[in-house]
Amino acid sequence: VELAESGGGSVQAGGSLRLSCTSSEYTANTDCMGWFRQAPGKERELVASIDNDVGAHDYDRIRYGRSVKGRFTVSQDKAKTTLVLQMNSLKPEDTAMYYCAANSICYWDPKYWEYWGTGTQITVSS
């Protein structure tokens, strides 16, 4: 499975950016797709994820990190191979490398995710 990210760049605080991630395939191993981010000196954290497993509960199918809830929106195409992250009301603390990831199960902990993109930098200036 290969993941290719696009979008990103630099924006002023309060602005918006859109990230897109395309997976080379959809299988049970990529039932879960998500975005993580890692700022310098910090641990990688979940930004948002979508769980396509038929057994997933509706209330838990889409997850957001606490710091982005209400500002970021994650969506997926019907083929379940493209994941989009719409980021609004960006803050300087959103500055980080953003990574697309895929896995069979949605975990909060990035160490359990199997497939990763190379990352794209987001810089938000004040």
| task | Mind listing the closest non-hydrogen atom pair of Gly8 and Ile122 along with its distance? | result | CA-CD1, 3.2 Å
| Trace of the side-chain contact (heavy atoms from CB on, under 4.5 Å) decision for Ile50 with Leu83 | CA-CA 9 Å; Ile50 292 182; Leu83 190 72; 3.9 Å; yes
| said: Applying ring pair (Phe, Tyr, Trp, His ring centres under 6.0 Å) as the test, list every pair that has at least one member in residues 72-102; sequence neighbours left out. | reply: none
| task | Would you mind listing every ring pair (Phe, Tyr, Trp, His ring centres under 6.0 Å) that reaches into residues 43-62, with sequence neighbours excluded? | result | His57-Tyr59
| 4.5 Å side-chain heavy-atom contact, Ser49 and Val74 | no
| field | disulfide bond (SG atoms under 2.5 Å apart) partners of residues 86-126, not counting sequence neighbours, each pair once | value | Cys21-Cys100, Cys32-Cys106
| query | With sequence neighbours excluded, what pairs up with Val11 under the side chain to side chain contact (heavy atoms under 4.5 Å, CB included) test? | reply | Leu17, Leu90, Val124
| Single-linkage hydrophobic cluster Ile105~Ile62, side-chain heavy atoms < 4.5 angstrom | no
| note | Contacts of Thr118 meeting side-chain hydrogen bond (donor to acceptor under 3.5 Å, both in side chains) (sequence neighbours excluded), chain-then-number -> none
| field | Trace of the side-chain contact (heavy atoms from CB on, under 4.5 Å) decision for Thr120 with Ser6 | value | CA-CA 7 Å; Thr120 185; Ser6 61; over 6 Å; no
| task | Could you tell me whether Arg18 atom CZ has more than 12 heavy atoms of other residues or ligands within 6.0 Å of it? | result | no
| note | Residue set satisfying side-chain hydrogen bond (donor to acceptor under 3.5 Å, both in side chains) with Asn52, at least two apart, ordered chain then number -> Gln76
| query | Who passes side-chain hydrogen bond (donor to acceptor under 3.5 Å, both in side chains) against Asp94, sequence neighbours left out? | reply | Arg37, Arg71
| Pairs flagged by disulfide bond (SG atoms under 2.5 Å apart) wherever residues 33-73 is involved - sequence neighbours left out | none
| request: Determine the minimum heavy-atom distance between Ala48 and Tyr64, stating which atoms define it. | output: CB-CD2, 3.7 Å
| request: Could you tell me whether the side chain of Tyr115 and the main chain of Met33 form a donor-acceptor pair under 3.5 Å? | output: no
| field | Euclidean distance, Asn88 CG relative to Thr73 OG1, rounded to 0.5 Å | value | 6.5 Å
| task | Indicate if Phe36 and Leu85 have the same hydrophobic cluster label, given that clusters are the connected sets of ILVMFWY residues with side-chain heavy-atom separations under 4.5 angstrom. | result | no
| query | Can you name the side-chain hydrogen bond (donor to acceptor under 3.5 Å, both in side chains) partners of Gln38, sequence neighbours left out? | reply | Arg44
| note | All heavy atoms of Gly34 vs all of Trp113, minimum pair found to be N-CZ3, 3.7 Å
| request: Kindly indicate whether the side chain of Leu19, heavy atoms from C-beta on, has any atom under 4.5 Å from the side chain of Glu5. | output: no
| request: Check whether any side-chain N or O of Asp53 sits under 3.5 Å from a backbone N or O of Asp31 as a donor-acceptor pair, and report yes or no. | output: no
| request: Give the other cluster members for Val84, using side-chain heavy-atom distances under 4.5 Å between Ile, Leu, Val, Met, Phe, Trp and Tyr residues; answer none if it is isolated. | output: none
| request: Might you point out which heavy atoms bring Pro92 and Ser126 nearest each other, and give the distance in Å? | output: CG-CB, 3.9 Å
| message | Please list all pairs meeting side chain to side chain donor-acceptor pair (under 3.5 Å) that have one or both residues in residues 100-109, counting only residues at least two apart or in different chains. | response | none
| query | Counting only heavy atoms not in Glu2, do more than 12 fall under 6.0 Å of its CD? | reply | no
| Qualifying disulfide bond (SG atoms under 2.5 Å apart) pairs with a residue from residues 47-99, counting only residues at least two apart or across chains | none
